[in-house]
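Only a predicted model underlies this, so the values are computations on that prediction, with no experimental measurement involved.
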Amino acid sequence: MANREKIATGEKSQATIEFSDFIRIDLGSGTEIGLANLMPANFLISQSSGSASYRLLQDTGSFSVRSLHALLTFDSGESEVAVEGSEIIV
């Protein structure tokens, strides 16, 4: 996987992406994400639709999700981000 790649799931599918020793991303159906920056120091995902669960695999580090007009930064545990129309649900 490389920066700027996009990953999308169909209406009846799911996908899991894991970057070893850093983050696991579970995509629900109808979800599209873009890999904006894969460097662990500035890890950034762009989520344009659907629901995704993000889980850091270590207690150190952080990641950000850009969705609609918001930039969300998480620094521990598991977080879920859903884009429904013009709303973001965290």
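Cluster partners of Leu44, using a side-chain heavy-atom cutoff of under 4.5 Å among ILVMFWY residues and allowing indirect links, are Leu71.
The side-chain heavy atoms of Leu57 and Ile23, taken from C-beta on, include no pair separated by under 4.5 Å. Contact annotation: the side chain of Ile89 approaches that of Glu84 to within less than 4.5 Å [non-hydrogen atoms, C-beta and beyond].
Taking each heavy atom of Asn3 and Leu38 in turn, the nearest pair found is OD1-N, 2.9 Å. Minimum heavy-atom separation, Gly30 to Ser49: O-OG, 3.5 Å. Pairing each heavy atom of Glu80 with each of Ser51, the nearest pair is OE2-OG, 2.9 Å. What you find for Ser53 and Glu78 is that their closest heavy atoms are OG-OE2, 2.7 Å.
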- When you look at Thr16 and Leu27, which way does the side-chain contact (heavy atoms from CB on, under 4.5 Å) test go after all the steps? CA-CA 6 Å; Thr16 297; Leu27 305 175; over 6 Å; no
- Item | Stepwise side-chain contact (heavy atoms from CB on, under 4.5 Å) check, Thr73 with Asp75 | CA-CA 7 Å; Thr73 300; Asp75 58 7; 5.9 Å; no
- Task: Given side-chain contact (heavy atoms from CB on, under 4.5 Å), test Ile17 with Ile33 step by step and report yes or no.
- Result: CA-CA 11 Å; Ile17 305 160; Ile33 64 168; 3.9 Å; yes
- Message: The test is side-chain contact (heavy atoms from CB on, under 4.5 Å); show your working for Ile45 and Phe63 and say whether it passes.
- Response: CA-CA 8 Å; Ile45 295 292; Phe63 67 96; 5.8 Å; no
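For the atom pair CG of Leu56 and OG of Ser62, the computed distance is 7.5 Å after rounding to the nearest 0.5 Å. Atom-to-atom distance recorded for Glu87:CD and Ser67:OG is 11.5 Å, nearest 0.5 angstrom. Taking OG of Ser46 as the reference point, atom NZ of Lys6 lies at 6.5 Å (rounded to 0.5 Å).
Listed by chain and residue number, Val83, Ile88 satisfy the side chain to side chain contact (heavy atoms under 4.5 Å, CB included) test with Leu68 (two or more places apart in sequence, or in another chain).
Under a 3.5 Å cut-off, the side chain of Gln47 and the backbone N or O of Gly50 do form a donor-acceptor pair.
Each of Tyr54, Phe22, Phe74 was scored for a side-chain contact (heavy atoms from CB on, under 4.5 Å) with Phe43, with one residue passing: Phe22.
In this model, no donor atom of one side chain and acceptor atom of the other lie less than 3.5 Å apart for Ser29 and Thr9.
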